[in-house]
Amino acid sequence: MAGIGVRGVGNTGLKVSSLGFGASPLGNVFGNVKEEDAIASVHEAFRLGINFFDTSPYYGGTLSEKMLGKALKTLMVPRDQYVVSTKCGRYAEGFDFSAERVTQSIDESLARLNLDYVDILQCHDIEFGSLDQIVNETIPALQKLKETGKIRYIGITGLPLYVFTYVLDRVPSGSVDVILSYCHYSINDTSLEDLLPYLKSKGVGVITASPLSMGLLTENGPPEWHPAPSELKSACAAAAAHCKAKGKNISKLSLQYSLKNKDIASVLVGMNSVQQKWQQKKLQVLGATLFLPTCDQSS
């Protein structure tokens with residue numbers, strides 16, 4: 001694992017690569033990905049030192065889990081050499097955080113992933129459900145799954161930061177092991193930083209995603225649907241142009257910035273190997289040679 005360091009995840013004892021493999025593109029979320037390309041991208045990421053793979057049954061209507069499962073099965077390495085995180089509660093057909101559905105969900109995910117257990121099971125985008133249901137029904141159901149050995153640790157994900165404190169202040173200490181936040185720790189938005197001491201005091205690990213702010217921090221710019229106000233889009237475009245004029249790539253700088261904070265266990269970047277989705281140049285990121293996707297808007 002030379003080049004990409006590993007970091008601890010809260011009080012879990014897990015050691016994950018500081019750069020994580022976001023597997024949503026394997027579900028054809030951003031364009032069709034051939035099976036052989038999906039498998040090859042996972043294998044190459046592992047070879048480069050990435051041991052943390054994040055997916056969800058929501059991505060591509062379960063396709064991401066299936067592709068990741070095929071890739072991991074053909075890695076031919078011991079199970080303890082990589083860490084897998086998937087999610088529950090959000091599906092192609094909608095949201096369902098009921099105890100019955102999330103209990104069923106993990107069995108479905110394990111079958112698609114070809115695994116006996118996942119390291120982390122996360123409640124997916126909890127702001128779209130009832131936070132009180134998450135506290136009183138979903139988390140207790142996941143605790144029971146933890147006892148069966150099907151999952152090792154429990155997480156919650158969401159965009160607004162208040163959802164994390166709402167849940168963590170209301171569940172027993174140690175009930176939630178990790179949170180996944182996106183778009184709140186990058187060069188244009190560092191609001192997650194204020195929450196880090198609180199999360200550390202709770203023993204909760206922190207994973208971030210979208211270090212490129214869903215395309216804002218790229219030379220190509222964000223997709224048309226991006227919710228950022230026009231002023232922010234213009235400012236990011238100007239910053240990208242300034243970096244380019246100085247011979248620098250704003251995406252590389254943004255990822256480097258996100259990776260520097262060691263209180264964040266891992267930064268997830270959406271990866272695939274479809275040629276039109278990648279800039280075909282290698283970027284040195286903290287000493288590791290990576291292909292950095294700049295058109296994948298999950299990043």
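None of the values given here were measured: they were computed from a predicted structure.
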How close do [X] and [Y] get, counting heavy atoms only, and between which atoms?
{"X": "S18", "Y": "L259", "result": "O-CD2, 3.3 Å"}
{"X": "V176", "Y": "G155", "result": "CG1-CA, 4.4 Å"}
{"X": "V16", "Y": "A265", "result": "CG2-O, 3.8 Å"}
{"X": "S56", "Y": "R90", "result": "OG-O, 4.4 Å"}
{"X": "T103", "Y": "I106", "result": "O-CG2, 3.3 Å"}
{"X": "L217", "Y": "S213", "result": "CD1-OG, 3.9 Å"}

Could you state whether [X] and [Y] fall into the same hydrophobic cluster, counting links through intermediate Ile, Leu, Val, Met, Phe, Trp or Tyr residues with side-chain heavy atoms under 4.5 angstrom apart?
{"X": "L72", "Y": "M76", "answer": "no"}
{"X": "L19", "Y": "Y257", "answer": "yes"}
{"X": "F46", "Y": "I39", "answer": "no"}
{"X": "V163", "Y": "L196", "answer": "yes"}

Using modelled atom types only, decide if a donor and an acceptor are shared between the side chain of [X] and the backbone of [Y] within a distance under 3.5 Å.
{"X": "E137", "Y": "S98", "value": "no"}
{"X": "Y153", "Y": "T12", "value": "yes"}
{"X": "S17", "Y": "N51", "value": "yes"}
{"X": "R7", "Y": "I264", "value": "yes"}
{"X": "S64", "Y": "L26", "value": "no"}
{"X": "S105", "Y": "C88", "value": "no"}
{"X": "S258", "Y": "L255", "value": "no"}

From [X] [atom1] over to [Y] [atom2], what is the distance, rounded to the nearest 0.5 angstrom?
{"X": "K15", "Y": "D80", "atom1": "NZ", "atom2": "CG", "value": "14.5 Å"}
{"X": "K252", "Y": "L212", "atom1": "NZ", "atom2": "CG", "value": "13.5 Å"}
{"X": "L142", "Y": "I154", "atom1": "CG", "atom2": "CD1", "value": "5.0 Å"}
{"X": "E147", "Y": "L145", "atom1": "CD", "atom2": "CG", "value": "9.0 Å"}
{"X": "K87", "Y": "E65", "atom1": "NZ", "atom2": "CD", "value": "9.0 Å"}
{"X": "L159", "Y": "L161", "atom1": "CG", "atom2": "CG", "value": "7.5 Å"}

Between the side chains of [X] and [Y], does any donor sit under 3.5 Å from an acceptor?
{"X": "T218", "Y": "N220", "value": "no"}
{"X": "S130", "Y": "D132", "value": "no"}
{"X": "S254", "Y": "S186", "value": "no"}

Show me, pair by pair, the donor-acceptor contacts under 3.5 angstrom made by side chains of residues 114-123, not counting sequence neighbours?
unit_1: N114; atom_1: ND2; unit_2: G69; atom_2: O; d: 3.4
unit_1: D119; atom_1: OD1; unit_2: R152; atom_2: NH1; d: 3.1
unit_1: D119; atom_1: OD2; unit_2: R79; atom_2: NH1; d: 3.3
unit_1: D119; atom_1: OD2; unit_2: R79; atom_2: NH2; d: 2.8
unit_1: D119; atom_1: OD2; unit_2: V84; atom_2: N; d: 2.8
unit_1: Q122; atom_1: NE2; unit_2: D54; atom_2: OD1; d: 3.1
unit_1: Q122; atom_1: NE2; unit_2: S85; atom_2: OG; d: 2.6

Hey, does [Y] have a side-chain heavy atom less than 4.5 Å from the side chain of [X]?
{"X": "T138", "Y": "Q133", "answer": "yes"}
{"X": "K70", "Y": "M67", "answer": "yes"}
{"X": "E219", "Y": "C243", "answer": "no"}
{"X": "V206", "Y": "L195", "answer": "no"}
{"X": "V267", "Y": "N261", "answer": "no"}
{"X": "Y198", "Y": "L168", "answer": "yes"}

Going by atom type alone, with no hydrogens or angles, which donor-acceptor pairs under 3.5 Å involve a side-chain atom of residues 230-238 and a protein atom two or more places apart or on another chain?
unit_1: K233; atom_1: NZ; unit_2: H226; atom_2: O; d: 3.1
unit_1: S234; atom_1: OG; unit_2: S230; atom_2: O; d: 3.0

Verdict with supporting geometry, K146 and D177, side chain to side chain contact (heavy atoms under 4.5 Å, CB included) = CA-CA 12 Å; K146 198 173 183 180; D177 303 293; 3.2 Å; yes

Evaluate the criterion salt bridge (Lys or Arg N to Asp or Glu O under 4.0 Å) for residue pair E44 and R47; output intermediate values, then yes/no.
-> CA-CA 5 Å; E44 178 67 1; R47 187 188 69 80; 2.8 Å; yes

Over 12 non-hydrogen atoms of neighbours within 6.0 angstrom of CD in E100 =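 Result for CD/E100: open.
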
Between R101 and E108, is there a side-chain N and carboxylate O pair less than 4.0 Å apart?
->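 Yes, R101 and E108 are salt-bridged.
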
Test log, rule side chain to side chain contact (heavy atoms under 4.5 Å, CB included), inputs F21 and L48 | CA-CA 11 Å; F21 188 108; L48 290 170; over 6 Å; no

Which of these passes ring pair (Phe, Tyr, Trp, His ring centres under 6.0 Å) with F128: F97, Y91, F95?
->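 When ring pair (Phe, Tyr, Trp, His ring centres under 6.0 Å) is applied between F128 and each of F97, Y91, F95, only F95 qualifies.
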
Test side chain to side chain contact (heavy atoms under 4.5 Å, CB included) on L180 and L268 and set out the steps.
-> CA-CA 9 Å; L180 191 163; L268 293 172; 3.6 Å; yes

Does the pair I126 and Y166 meet the rule for a side chain to side chain contact (heavy atoms under 4.5 Å, CB included), with working shown?
-> CA-CA 11 Å; I126 60 175; Y166 187 96; over 6 Å; no

